[in-house]
K.L.:
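What follows is a structure written as structure tokens; I'll ask about it next.
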Amino acid sequence: MRLPFGERDTPYPEARVVVLPVPYDLSLSFLPGARRGPEAILLASRELEPFLLELEVAPEEVGIHATEPVPWVAGSAEASHALIWEAALTHLRAGKFVVSLGGDHSITHPLVQAHREVLGEFSLLQIDAHADLYPSWQGSVYSHASPFYRLVQEGFSLVQVGIRAIDQDSLAFAQEKGVALFPAHRLHREGLLEEILGALGERVYISLDFDALDPSLMPSVGTPLPGGLSYRQVVDLLAAVFAEKEVVGMDFVELSPTGQFHAEMTAAQLVYHAIGLKGLQAGWLEARGR
């Protein structure tokens, strides 16, 4: 069933932004439920105030269309990922800016592949508690613990922000491949915004796992870890990236609804704020006070 994002549902031909629900979570290794994340975000978005005081814009004015959820194939990660790739490709070829809602973090791999096919080269910004650099996990290369290993191997430049869980082999791989790692404890102590911007290319795809946020703010995730980022830190990071770079696409993953509605509202607000930042960057919106 198709649900709109926010109060205003723009018809597809007029929409600049497509919100793509991807309710796939077959690769989760701990708490289940991320397949319900897209629906929870869409439902929570109905309660958002359309005008964002901080940005002085109403992001809905860019024209947002949420599509039907991408189907998945029970028992086949490969076939499910192919469907995700095909859906993203369709909207990118139609000239849409795609904001994908997961689902587990494995969906980033086919999404990024589709963006590269249509839009060319860009660097990756991963905002996450976990490095997700395992060659495989629990016997599968399609695991939510492995997408960035595969993408680095495919030649993408990767910047990781907010990391607080990484094994020694993954750290060695990251160092060998030139991954720029900005762990959460350093962000808390040093800020590091300029260093992060310097590590990114001029064109950027953003992948945000909601467990990057501290579980005191975002308890509804599959693998919560203490010591995470604040909402303010994440918003300021996104604002800095959008101010300095061309953002070509985004995904937001691993919300696992648990009945704590504040987490779902936080997720929806963050997605909406990011759409507003894209609207300002692209010139689709103009701040009221400027």
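Note: hydrogens, waters and symmetry copies are ignored here, and every other heavy atom, side chains too, is used. We're numbering straight along the sequence, starting at 1. As the structure is a prediction and not an experimental result, all values here were calculated from the model.
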K.L.:
Quick check for you: to the nearest 0.5 Å, what is the distance between E117 atom CD and L89 atom CG?
P.N.:
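CG of L89 is found 5.0 Å from CD of E117.
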K.L.:
Given L125, which of V247, V161, L208 fulfils the side chain to side chain contact (heavy atoms under 4.5 Å, CB included) condition?
P.N.:
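Exactly one candidate clears the test, V161.
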K.L.:
If hydrophobic clusters are built by linking Ile, Leu, Val, Met, Phe, Trp and Tyr wherever their side-chain heavy atoms come under 4.5 Å apart, do F242 and L285 end up in the same one?
P.N.:
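Yes, F242 and L285 fall within the same hydrophobic cluster.
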K.L.:
Count the heavy atoms belonging to other residues, nucleotides or ligands that lie under 6.0 Å from CZ of R232, then report whether that count exceeds 12.
P.N.:
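Yes, enclosed.
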K.L.:
Does any non-hydrogen side-chain atom of L43 lie less than 4.5 Å from one of E39?
P.N.:
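The answer is yes; the side chains approach within 4.5 Å.
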K.L.:
With no hydrogens and no angle check, just 3.5 Å: does a side-chain donor-acceptor pair link S220 and S256?
P.N.:
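Per modelled atom types, S220 and S256 side chains form no pair under 3.5 Å.
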K.L.:
Do the side chains of Y272 and I64 get nearer than 4.5 Å, heavy atoms only?
P.N.:
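Side-chain contact under 4.5 Å: yes.
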K.L.:
When clusters are formed by joining ILVMFWY residues with side-chain heavy atoms under 4.5 Å apart, either directly or through shared neighbours, do V19 and I206 land in the same one?
P.N.:
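Per the 4.5 Å side-chain linkage, V19 and I206 are co-clustered.
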K.L.:
Keeping the roles fixed (side chain from S146, backbone from Y134), state whether a donor-acceptor pair exists under 3.5 Å.
P.N.:
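Looks like yes, one N/O pair under 3.5 Å.
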K.L.:
Taking all non-hydrogen atoms of both residues into account, name the closest pair between T258 and E264 and its distance.
P.N.:
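Taking every non-hydrogen atom into account, N-OE2, 4.3 Å.
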K.L.:
Which heavy atom of A174 sits nearest a heavy atom of L133, and at what distance?
P.N.:
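Here A174 and L133 meet closest at CB-CD1, 3.9 Å.
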K.L.:
For the residue pair L181 and L171, establish whether any side-chain heavy-atom pair is separated by less than 4.5 Å.
P.N.:
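Side-chain contact under 4.5 Å: yes.
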K.L.:
Answer yes or no: is there a donor N or O on one side and an acceptor on the other, between the side chain of S80 and the main chain of S76, under 3.5 Å?
P.N.:
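Yes; judged by distance alone, with no hydrogens or angles, the pair exists.
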K.L.:
Closer than 3.5 angstrom, by distance alone: can the side chain of R164 be matched with the main-chain N or O of H130 as a donor-acceptor pair?
P.N.:
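A pair under 3.5 Å: no.
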K.L.:
Count I, L, V, M, F, W, Y as connected when their side-chain heavy atoms are under 4.5 Å apart, and connections chain through other members. Are L213 and V241 then in the same cluster?
P.N.:
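Result: yes, single cluster for both.
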K.L.:
If you count the non-hydrogen atoms of other residues, nucleotides and ligands that lie under 6.0 Å from CD in E194, is the total more than 12?
P.N.:
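No, because the 6.0 Å sphere around CD of E194 holds 12 heavy atoms or fewer from other groups.
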K.L.:
Using a 3.5 Å distance criterion without hydrogens, assess whether the side chain of H188 forms a donor-acceptor pair with backbone atoms of G227.
P.N.:
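Side chain of H188 to backbone of G227: a pair is present.
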K.L.:
Name all residues meeting the side chain to side chain donor-acceptor pair (under 3.5 Å) criterion together with H185; count only those two or more places apart in sequence or in a different chain, and write none if there are none.
P.N.:
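Scan of H185 (side chain to side chain donor-acceptor pair (under 3.5 Å), adjacent residues dropped) gives none.
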K.L.:
Would you give the length of the straight line joining atom OG1 of T108 to atom CG of L151, rounded to the nearest 0.5 angstrom?
P.N.:
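Here the interatomic distance stands at 7.5 Å.
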K.L.:
Are any non-hydrogen side-chain atoms of P50 and R8 less than 4.5 angstrom apart?
P.N.:
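No. Closest side-chain heavy atoms not under 4.5 Å.
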K.L.:
Which is it for K278 and Q281 under the side chain to side chain contact (heavy atoms under 4.5 Å, CB included) test, yes or no, and what are the steps along the way?
P.N.:
CA-CA 5 Å; K278 177 60 184 179; Q281 177 202 75; 2.8 Å; yes
K.L.:
Does R116 make a cation-pi contact with F156 (under 6.0 Å, within 45 degrees of the axis)?
P.N.:
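Pair R116/F156 counts as cation-pi.
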K.L.:
Applying side chain to side chain contact (heavy atoms under 4.5 Å, CB included) to S207 and F148, what does each step give before you reach the verdict?
P.N.:
CA-CA 10 Å; S207 179; F148 292 98; 3.9 Å; yes
K.L.:
Please report the closest heavy-atom contact between L255 and A40, naming both atoms and the distance.
P.N.:
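It is CD2-CB, 4.2 Å.
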K.L.:
If I compare all heavy atoms of P21 with all of P38, which pair ends up nearest, and what's the gap?
P.N.:
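Closest pair (atom of P21, atom of P38, distance): CB-CB, 3.8 Å.
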K.L.:
Given the rule in the side chain to side chain contact (heavy atoms under 4.5 Å, CB included) test, do L3 and R46 qualify, once you have shown the distances and angles that lead to the verdict?
P.N.:
CA-CA 10 Å; L3 296 172; R46 298 178 180 179; 3.4 Å; yes
K.L.:
Do W85 and H109 come within less than 4.5 Å of each other through their side chains, counting heavy atoms only?
P.N.:
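No, side chains not in contact.
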K.L.:
Y205 vs D251, test: side chain to side chain donor-acceptor pair (under 3.5 Å). Steps then yes/no.
P.N.:
CA-CA 8 Å; Y205 180 97; D251 65 61; 2.7 Å; yes
K.L.:
For residues Q126 and H105, is any side-chain donor paired with an opposing acceptor at under 3.5 Å?
P.N.:
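On atom types as modelled, these side chains do not qualify, holding no pair under 3.5 Å.
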K.L.:
Tell me, which pairs form a salt bridge (Lys or Arg N to Asp or Glu O under 4.0 Å) where one or both residues lie in residues 203-221, sequence neighbours left out?
P.N.:
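Listed once each, the pairs are R203-E246.
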K.L.:
Distance check, rounded to the nearest 0.5 Å: L101 atom CG versus I41 atom CD1?
P.N.:
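So the gap between those two atoms works out to 5.0 Å.
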K.L.:
Between E202 and K245, is the salt bridge (charged side-chain N to carboxylate O under 4.0 Å, His left out) condition met? List the steps.
P.N.:
CA-CA 5 Å; E202 291 305 307; K245 311 292 181 179; 3.5 Å; yes
K.L.:
Does L197 belong to the same Ile/Leu/Val/Met/Phe/Trp/Tyr cluster as F182, with side-chain heavy atoms less than 4.5 Å apart forming each link?
P.N.:
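Per the 4.5 Å side-chain linkage, L197 and F182 are co-clustered.
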K.L.:
Within the structure provided, determine whether V179 and Q160 are in side-chain contact (heavy-atom separation under 4.5 Å).
P.N.:
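Contact flag for V179/Q160 side chains = yes.
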K.L.:
What do the steps show when you test E47 against F261 for side chain to side chain contact (heavy atoms under 4.5 Å, CB included), and what is the final call?
P.N.:
CA-CA 11 Å; E47 307 305 320; F261 190 63; 4.3 Å; yes
K.L.:
Quick one: are F210 and E254 in side-chain contact, heavy atoms under 4.5 Å?
P.N.:
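No, side chains not in contact.
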K.L.:
Is there a side-chain contact between H91 and V118, using heavy atoms and a 4.5 Å cut-off?
P.N.:
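Of all side-chain heavy-atom pairs linking V118 with H91, none is under 4.5 Å.
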K.L.:
Nearest heavy-atom pair of P71 and L83: which atoms, and what distance?
P.N.:
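Shortest heavy-atom contact: O-CD1, 3.5 Å.
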K.L.:
Rounded to the nearest 0.5 Å, what separation is found between the CD atom of E56 and the CZ atom of R288?
P.N.:
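Taking CD in E56 and CZ in R288, the distance rounds to 9.0 Å.
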K.L.:
Rounded to the nearest 0.5 Å, how far does CG of D25 lie from CZ of R35?
P.N.:
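Output value for this atom pair is 4.0 Å.
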K.L.:
Roughly how far, to the nearest 0.5 Å, is CG of L270 from CZ of F252?
P.N.:
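It comes to 5.5 Å.
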K.L.:
Using the rule that two of Ile, Leu, Val, Met, Phe, Trp, Tyr join whenever any of their side-chain heavy atoms come within less than 4.5 Å, decide whether F51 and L48 are in one cluster.
P.N.:
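Different clusters.
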K.L.:
Please report the shortest heavy-atom distance between M1 and P69, naming the atom on each side.
P.N.:
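Result for this residue pair: O-CD, 3.6 Å.
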K.L.:
With under 30° as parallel and over 60° as perpendicular, where do the rings of W284 and F97 fit, or are they tilted in between?
P.N.:
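The rings of W284 and F97 stand perpendicular, inter-plane angle above 60°.
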K.L.:
List the steps, then state whether side chain to side chain donor-acceptor pair (under 3.5 Å) holds for H65 with E14.
P.N.:
CA-CA 9 Å; H65 181 88; E14 287 83 50; over 6 Å; no
K.L.:
One thing to verify: whether E195 and R186 come together as a salt bridge, which I'm taking to mean a side-chain N less than 4.0 angstrom from a carboxylate O.
P.N.:
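The answer is no: the pair does not qualify as a salt bridge.
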K.L.:
Please determine if K96 forms a cation-pi arrangement with Y12, meaning its NZ or CZ atom is less than 6.0 Å from the six-membered ring centre and no more than 45° off the ring axis.
P.N.:
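Yes - K96 lies over the ring of Y12, closer than 6.0 Å to its centre and within 45° of its axis.
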